[in-house]
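Let me begin by presenting the structure, written as structure tokens, before commenting on it.
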Amino acid sequence: MNYQEAYKKLEQYGQLHVLKYYDTLATEEKQALLKQIDATDFSVLQTGESEASGESARGKITPLSAMELDEIEAHREEYKQIGLEAIRAGKVGAVLLAGGMGTRLGSDAPKGMYNIGLTRPMYIFERLIHNTMDVVKESGAYVPFFVMTSDKNHDVTVKFFDEHDYFGYPKNYITFFKQEMAPASDYDGKVFMEEKGKISTSPNGNGGWFVSMERCGVNDIVRSRGIEWLNVFSVDNVLQRIADPVFVGAVIAKDCAVGSKVVRKANPDEKVGVMCLEDGRPSIIEYYELTDELKSAQDEKGQPAYNFGVILNYLFREKDLEKIMDKNLPLHVVEKKIPCLDAEGNKVSPESPNGYKYEQLVLDMIHELDSCLPFEVVREKEFAPIKNKTGVDSVDTARELLRKNGVTL
Ligand code: UTP
């Protein structure tokens, strides 16, 4: 793309400020900026404007019942055997979503490199590999492990795993791939500049993981190894059970396109997305979208009808993902702290949110699929998210939960 073409594209999207410092840049920097302008999809910023003004409407919400603990207990052995058989046959892969910026935790390094140990180092990545080893020991088979990173943290993540000898996991079972990036903007939809010759970008959310696996050629490995199920999970839950054979077996036994681990809500106002049907298809409704009527609705057992919150641990049937790969997932506008150049061209790292990032979310993939099994797990045993340094969902609360589960820190 040459300067004139770049100018025209930016003009069309009201982003001409991107060229403010063009004349002051070195030749390579100019080339790099033109290349970035060419590659950037500025149309997402328009979507941002419309979503920020509250235009996204939901369909008809009805309950979707979960497989609860007592039912799981009654079939535990049966499901476990089905799950172990699939794992031993190499049909189950694990996908760690580690492309996020972890801004709330406030560490410059990728979240997985955070050391939660007290008397010895215990990195989040290490903990997750350790958890995966539980099923490796039980099944006698290594689970292929895919790690999604982004442009912002790829190299440092790969180096970290390498320096730590992959925490004892066989290197040839671990594959890294990068997710896509999206521009970040101020509240008026004007893209921020990260440097005078660089548009500010951030990872485009965790919803693009399967498309990114396809683009990076990782799905060739998935297909050649005969992997039929992908267990996707977040980096920040240190009690995460990975490729849990009972969960895998239950989803296979129920012939569902996806399974979602869920926890019973702690209280009706808990800030967690809950499973439901939307226009008859599986879906997740965010806590702020739950009306009082939905909050007080009851199922046939007299229990709250929207009572199971998602914990970002899903088991997807690969062949169903292939069918929905071309569908455009909705873009969510997320308010964040975005480092950028100020009006004078100086770099600033804001203390509070200053603009929007545009993200696709894994939970929107659920709505594209025909069937979903919400699978209840015990919160205290499987859910210790680290979002913040202190307070709710923090390093402190996660340490406490790890201790309760017998982990020495
Ligand atoms: P969060 O929603 O907690 O986002 O991600 P985050 O970016 O890590 O943290 P904050 O909001 O800036 O503090 C949930 C999971 O999705 C992954 C994260 O790494 C985490 O495992 N994720 C998020 C991605 O892989 N890519 C993204 O673009 C965003």
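Just so you know, ligand 1 is whichever comes first in the structure, and atom 1 is the first atom listed for that ligand. Quantities reported herein were computed from a predicted structural model and do not represent experimental measurements.
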Original post:
What class does the angle between the rings of Tyr314 and Phe316 fall in, given that below 30° is parallel, 30 to 60° is tilted and above 60° is perpendicular?
Top reply: tilted
Original post:
Glu195 and Tyr21: side-chain donor and acceptor closer than 3.5 Å?
Top reply: no
Original post:
Checking His164 side chain against Phe160 main chain: does a donor-acceptor pair fall under 3.5 Å?
Top reply: yes
Original post:
Are Thr132 and Tyr142 close enough that a side-chain donor and a side-chain acceptor fall under 3.5 Å?
Top reply: no
Original post:
Between the main-chain N or O of Met122 and the side-chain N or O of Asn115, is there a donor-acceptor pair closer than 3.5 Å?
Top reply: yes
Original post:
Under a strict 4.0 Å criterion on non-hydrogen atoms, which protein residues are in contact with ligand 1?
Top reply: Leu97, Ala98, Gly99, Gly100, Met101, Gly102, Thr103, Arg104, Met148, Gln179, Pro203, Asn204, Gly205, Asn206, Ser234, Val235, Asp236, Leu312, Lys336, Lys387
Original post:
Parallel, tilted or perpendicular: which describes the rings of Tyr166 and Phe176, with under 30° parallel and over 60° perpendicular?
Top reply: tilted
